[in-house]
Amino acid sequence: MDKTEHKLPALAPKSAIPNSLNSLLQDLNDEQRLAVTRTDGPLLILAGAGSGKTRTITYKIAYLIGQGICRPENVLAVTFTNKAAEEMRGRVERLLETLESPPLVSTFHSFSVRVLRRHAGLLGYGSDFAICDEDDQKSLLKQVYDELKLQDNLVPIKRTRAVISRAKNQGCSPESYLEGSADPDAPIISSAFKVYQRRLKEANGMDFDDLILLTVQLLSEHDKVRERYASTYKYLLIDEYQDTNLPQFELVKHLASVHGNISAVGDEDQSIYRFRGADINNILRFERDFPGAVVVKLEQNYRSTQTILDAATGLVSHNLKRKGKKLWTAGGKGESIDVFPAESPEAEADFVSRSIYQFQKDSKDRIAVLYRTNFLSRQLEDALRRLQIAYRLLGGVSFYSRKEVKDALAYLRAVRNPNDDISLARIINEPARGIGKTTLDRLWEEARQKHHSLWQTIKEALTSQALPGRAHLALEKFVSLIEVSAPVLESPLDQALRGVLQASGYIQALEKQETEEANERLLNLEELVTAAAEHVQQGLGMTDFLDNAALYSDTDEYDQNASVLLMTLHNAKGLEFPVVFIIGCEEGLLPHSLSVEADDLEEERRLCYVGLTRAQKKIYLTFSKRKRFNRGDVYENSKPSRFLAELPQHLLRDLSARSFQPARAGSGIAPSKTYNTPDSVRHFLEKKKAAPGGFVKGALVQHNDFGRGRVLDVQESGEDLKITVQFPGIGIKKLLQRYAKLKLV
DNA sequence: TTCAGAAGGATTTTT
DNA sequence: TCCTTCTGAA
């Protein structure tokens, strides 16, 4: 790009600009500074991996506000994850020491919720609409299947859900989806889609896709609302623009329709969300969509060694659909990229965990292990535990998707709005209170015919005495439970939550079970109450609490302090680590077999590219020559990923000659490791007075490596205290119970 | 209506 | 291998 064409504005220091901002601008290279200081009209920042993307946006926000170009409330920055938003918010606040009000940094989804909470009425929704996650969608679809007399085995609900979501992300209605689809099941899916959408609206619910779609609908149908938002946000900044899908693009267009000051940052080589409708053409087409756009390319990489960059560029240059850019770094050549072909998946995990063990002996560098599919983490977790290496897993079952947590939240929703069918159905017989399948089927049938909510139907059935005595009584009790609980919501959120859980008998039912599992659930509920209390302290209400719970994702728990992180390649985007392992570099896994069939090879390649460019210093690529077939001990040969062959071969080093002794129990390989009680643990524990030394069962603790955990047991042994602490979220629940009991001595 | 035991199915990636 | 769903008995 010709730099002379756009002269850099002189950096006239005004008194309004904090000095720090001024000196920050001096730090930037010419392109970055241009990207930061150009404040008129559309701007596309094509940023390579590790080129300081986030930094550029953050500085830009600070620049706009610090220079007095606009007020904080006139800036809207959009990211894809809550985590990214949070981080950016923090950075902006640090840059601008004196800020009356913070600029809005938000994800597409949470921004949409914010707008919809205000204007849902215009679209025929109540403003207390519920946000449905995948589970809710599936249970709603189950009812749709009942209504349509569809068999699950004809078209699996899971598939229907995915197809509907995809259609919505492409902006399709049930009808337009049917027209455009070659799928033989399309007529069935389309009819389910139609009923699903109707029922969802009747239940005053929105799924994730609706959040965006309905916001777009709102802005396009209501000129006043659009103008209001579009003129409020004088400056619009969109991160990861290559991941926007059609509805998101339309949202952006609406928001930019008054001022047109949109800055989009993206990297077409990192577009990895096509499955959720992300359209790489959005970024390729930017200059056409926003005429007069200036394009800035950030090609200098500040993250990786030249070797890593060459490898990554070499790989992704096999893709045809890209604008092309040449990454370079002022840094050194760095180490070779090591490839380890393992004999078996176990050997692969063994290699990785031992290498990590070695690394940790002489450095504190953070290490990431990346993989294509979540289940690949398991064998590795086992291996890491054998060596007692602390790690943190992203993904899997998140706190807010646990059954008991979702039940508790459903109680809150149902009490607040009993006509919320989805929540009501979730808890009507949880704990079991004699409202069984037969009764519910009858009620649903009734509700369906009259187009009434489940709640209405129940009340009608009670007045008309239409049900057998036992069911009648059970329903009467349930109705009064919900009605009696309503005033409880007036009290502070944490108390309300506790009250509802008590009144419903949920807590008591768990307590009665006296199993380890029930106990864990109780502790989780306790943690939820704590979280609610924290929300209250931040001055947030119930709606915010529920929204956050719904939009919360595992990535958001990412903990800067853990030194070994396990996550999918998707989750790794936007992060960086000194050392990166990419495991499972096999045909069928990376690229994934389903993607090869669907001809999404380029996306898989980009995914691999994303993985490679996370690394600052060192990359290991591993694969197994054999893989275990579904069940049993049958092994099958597997081929190394074609991407390994596409990498520039001179950058690779084959480690197959290096062999490790196989791990044997009791051979002294597993080092005994003592964890000192971190200060934060003491801090937490000492607040509660009870048990020996102030340590108490069930207390929440914070550990540097594992994040938040809980004290399971406290025993005195001689002069020492033996405290058993459990850290949830580390692995699959069962494994967790077996292994993740960490002794803090 | 509920619980327990058995059989069968599953594995892409996420807000 | 593990988890979910189905089936039948109390």
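Labels below follow one simple rule: chain letters A, B, ... track the order of the sequence lines, proteins then strands, and each chain is numbered from 1.
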Using a 3.5 Å cut-off and no angle test, enumerate the donor-acceptor pairs between side-chain atoms of residues 247-255 of chain A and protein atoms at least two apart in sequence or in another chain.
residue	atom	partner	partner atom	Å
Gln248(A)	OE1	Asn245(A)	N	2.9

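Contacts of Glu134(A) classified as salt bridge (Lys or Arg N to Asp or Glu O under 4.0 Å), with partners at least two apart in sequence or in another chain: Lys138(A), Arg161(A). The salt bridge (Lys or Arg N to Asp or Glu O under 4.0 Å) check on Asp135(A) picks up Lys406(A), with sequence neighbours excluded. Residues passing the salt bridge (Lys or Arg N to Asp or Glu O under 4.0 Å) test with Asp239(A): none are found, sequence neighbours excluded. Residues satisfying the salt bridge (Lys or Arg N to Asp or Glu O under 4.0 Å) criterion with Arg642(A), sequence neighbours excluded, are Glu587(A).
The distance from atom OH of Tyr371(A) to atom P of dT14(B) is 9 Å, rounded to the nearest whole Å. Regarding Glu586(A), its CD atom lies at a distance of 15 Å from the C1' atom of dT12(B), rounded to whole Å. Regarding Asp209(A), its CG atom lies at a distance of 15 Å from the P atom of dT14(B), rounded to whole Å. Atom CG in Leu251(A) sits roughly 18 Å away from atom P in dT15(B) (whole-Å rounding). The CD atom of Glu346(A) sits 12 Å away from the C1' atom of dT1(C) (whole-angstrom rounding). For the pair Phe108(A) CZ and dT14(B) C1', the interatomic distance rounds to 15 Å; values are reported in whole Å. Protein atom CE of Met206(A) is 16 Å distant from nucleotide atom C1' of dT15(B), rounded to whole Å. The interatomic distance linking Ile583(A) (CD1) with dT13(B) (P) rounds to 13 Å, in whole Å.
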Under 3.5 Å, which protein N or O atoms sit close to an N or O of nucleotides 1-3 of chain B? Give each pair with its distance.
residue	atom	partner	partner atom	Å
dT1(B)	OP1	Gly436(A)	N	3.2
dT1(B)	OP1	Thr439(A)	OG1	2.8
dT1(B)	OP2	Thr438(A)	OG1	2.5
dT2(B)	OP1	Gly434(A)	N	3.3
dT2(B)	OP2	Asn429(A)	ND2	3.4

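Rounded to the nearest Å, the gap between the C1' atom of dT5(C) and that of dT12(B) is 23 Å. The same atom, C1', is picked in dT4(C) and in dT13(B); the two are 22 Å apart, to the nearest Å.
For the residue pair Thr160(A) and Tyr145(A), a side-chain donor N or O sits within less than 3.5 Å of a side-chain acceptor on the partner. Of the N and O atoms on the side chains of Glu604(A) and Ser595(A), at least one donor lies less than 3.5 Å from an acceptor on the other residue.
The nucleotide whose nearest atom lies closest to any side-chain atom of Thr373(A) is, among dT12(B), dT14(B), dT15(B), dT12(B).
OP1 or OP2 of dT11(B) has at least one side-chain nitrogen or oxygen of Lys158(A) nearer than 4.0 Å. Between Asn571(A) and dT14(B), a side-chain N or O to OP1/OP2 separation shorter than 4.0 Å is present. Here Thr568(A) reaches the OP1 or OP2 of dT14(B): one of its side-chain N or O atoms lies under 4.0 Å away.
Stacking between Phe275(A) and dT13(B) is present: the aromatic ring centre lies within less than 5.5 angstrom of the base six-membered ring centre, and the two planes differ by under 30 degrees.
The base of dT12(B) does not come close enough to the side chain of His592(A) for any donor and acceptor atom to sit less than 3.5 Å apart. Under 3.5 Å, the side chain of Arg276(A) and the base of dT15(B) form no donor-acceptor pair of N or O atoms.
Contact annotation for Tyr273(A): backbone-only contact, meaning every heavy-atom pair under 4.0 Å involves sugar-phosphate atoms and none involves a base.
The OG atom of Ser641(A) sits 9.5 Å away from the CG atom of Leu589(A) when rounded to the nearest 0.5 Å.
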